[in-house]
Amino acid sequence: MVDKAMARRNLVLIPALIIITGAAFWLSRYTEDTEIFIIFDKISGIGPGSKLVLADTPIGEVKDAEVTEDGKIGVEARIYREYKDKVNSSSVFIIEDTDKSGKSDRKQITVEVLDEKSPPFSQGAKAEGYSSRAQFALRKQQKVLEDSYRKFENWLKQLRESEEGKKLKKQMQELMEEARKSAERGIEEFNKEMPRLKKRFNEIIEELKRHGSGKEA
């Protein structure tokens with residue numbers, strides 16, 4: 001009888017434990033702010049209390065900031081629990097004026113979600129930050145060339161270590177270095193150079209195709 005009574009008690013306890021565990025998960029998921037670290041090259045006008053803003057709505061705030069080991073700035077921020085499902089791991093954070101007219105020197109961190117299907121931020125996650133809208137636009141354009149360069153390197157492997165392959169790789173490396181230097185001079189200079197850089201990039205790709213990598217390319 002005792003064994004049967006214990007068995008019945010265990011059958012009651014197991015579902016109860018499942019419910020309690022599920023409730024605890026729900027509470028932690030939906031009743032806590034999400035804390036993240038936003039990594040910037042530099043910051044200006046941002047400090048404790050500065051707002052994180054998504055589509056003109058404050059969804060979080062800055063808690064603190066510190067210099068990282070590699071010399072960047074790590075901004076500790078929290079996303080308010082009621083907005084944690086509005087942002088995700090694809091989000092980028094851009095320092096901008098709170099007053100679009102430029103009459104105030106106060107700053108905010110604007111949040112932009114690049115892919116709504118990306119997974120949510122986990123507690124303590126790191127995110128990419130930009131010190132200005134111009135830096136964000138510039139980095140997006142650089143990424144286009146960088147992604148294309150990685151594809152180029154994959155195609156280039158088919159040429160192995162031929163002299164033609166080495167020549168093409170050297171030309172592409174020189175082109176990427178030109179792009180880097182142009183980006184350092186600012187977004188206007190980079191935008192001006194982009195048509196020429198893309199044209200030269202396509203010429204190198206066409207030459208690569210002619211030397212045996214055209215099937216995958």
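On a predicted model such as this, the values are computed, not experimentally measured, just so you know.
Taken together through direct or relayed side-chain contacts under 4.5 Å among Ile, Leu, Val, Met, Phe, Trp and Tyr, F201 and L197 form part of one hydrophobic cluster. Note on F136: it does not cluster hydrophobically with I46, by side-chain heavy-atom contacts below 4.5 Å among ILVMFWY residues.
Across F37 and G124, no two heavy atoms sit closer than the pair CD1-O, 3.8 Å. The minimum heavy-atom distance between S122 and T34, with the atom names listed, is O-CG2, 4.1 Å.
For K167, the salt bridge (charged side-chain N to carboxylate O under 4.0 Å, His left out) test picks out E207, with sequence neighbours left out.
Counting heavy-atom neighbours within 6.0 Å of E116 CD, excluding the residue itself, gives a total of 12 or less.
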message = Run V111 and V53 through side chain to side chain contact (heavy atoms under 4.5 Å, CB included) and show every step you take.
response = CA-CA 6 Å; V111 185; V53 179; 6.0 Å; no

Salt bridge (charged side-chain N to carboxylate O under 4.0 Å, His left out) assessment of R200 paired with E178 = CA-CA 11 Å; R200 182 60 187 133; E178 284 184 52; over 6 Å; no

inquiry  = Set out, in order, the CA-CA distance, both residues' side-chain angles and the distance that settles salt bridge (charged side-chain N to carboxylate O under 4.0 Å, His left out) for K63 and E35, then state yes or no.
reply    = CA-CA 9 Å; K63 293 179 63 180; E35 296 192 357; 2.8 Å; yes

task = Begin from the C-alpha positions of Q108 and L52 and carry the test side chain to side chain contact (heavy atoms under 4.5 Å, CB included) through to its verdict.
result = CA-CA 6 Å; Q108 67 181 30; L52 275 60; over 6 Å; no

inquiry  = Would D33 and I79 count as a side chain to side chain contact (heavy atoms under 4.5 Å, CB included) here? Give the steps.
reply    = CA-CA 6 Å; D33 295 341; I79 299 168; over 6 Å; no

task = Report the C-alpha distance between I36 and F93 in whole Å, list the side-chain angles of each, state the deciding distance to 0.1 Å, and finish with yes or no for side chain to side chain contact (heavy atoms under 4.5 Å, CB included).
result = CA-CA 11 Å; I36 61 172; F93 300 82; 3.7 Å; yes

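With rounding to the nearest 0.5 angstrom, the CD1 atom of I204 is 13.5 Å from the NZ atom of K169. One finds the CG atom of L114 at 9.0 Å from the CD atom of E128 (value rounded to the nearest 0.5 Å). Atom-to-atom distance recorded for D41:CG and Q135:CD is 5.0 Å, nearest 0.5 angstrom. Atom OG of residue S91 and atom CD1 of residue I59 lie 7.5 Å apart, to the nearest 0.5 angstrom. Within the model, atoms CZ of R139 and CD1 of I94 stand 13.5 Å from one another, a figure rounded to the nearest 0.5 Å. Between the OG1 atom in T57 and the CD atom in E82 there is a gap of 11.0 Å [rounded to 0.5 Å].
Put simply, the side chain of R133 reaches to within 4.5 Å of the side chain of T110, judged on heavy atoms. Considering only heavy atoms from C-beta on, I73 stays 4.5 Å or farther from I39 through its side chain. Proximity of Y83 to L54: side-chain heavy atoms (C-beta onward) are nowhere separated by under 4.5 Å. Put simply, the side chain of Y130 does not reach to within 4.5 Å of the side chain of I95, judged on heavy atoms. Taking the side chain as every heavy atom from C-beta outward, F40 and I109 approach each other to under 4.5 Å.
With respect to K107 and E96, no salt bridge is recorded, no charged nitrogen being found less than 4.0 Å from a carboxylate O. Looking at K84 and E32, no side-chain N of the basic residue comes within less than 4.0 Å of a carboxylate O on the acidic one, giving no salt bridge. The pair E66-K72 does not meet the salt-bridge criterion, since no charged nitrogen lies less than 4.0 angstrom from a carboxylate oxygen.
In this structure, the side chain of S131 does not engage the main chain of K42 through any donor-acceptor pair within 3.5 Å. With hydrogens and angles ignored, the 3.5 Å screen pairs no side-chain donor or acceptor of E76 with any backbone N or O of I38. At least one donor-acceptor pair closer than 3.5 Å links the side chain of N88 to the backbone N or O of D115. Remark: side-chain polar atoms of S50 are not paired, donor with acceptor, to backbone N or O of V62 under 3.5 angstrom.
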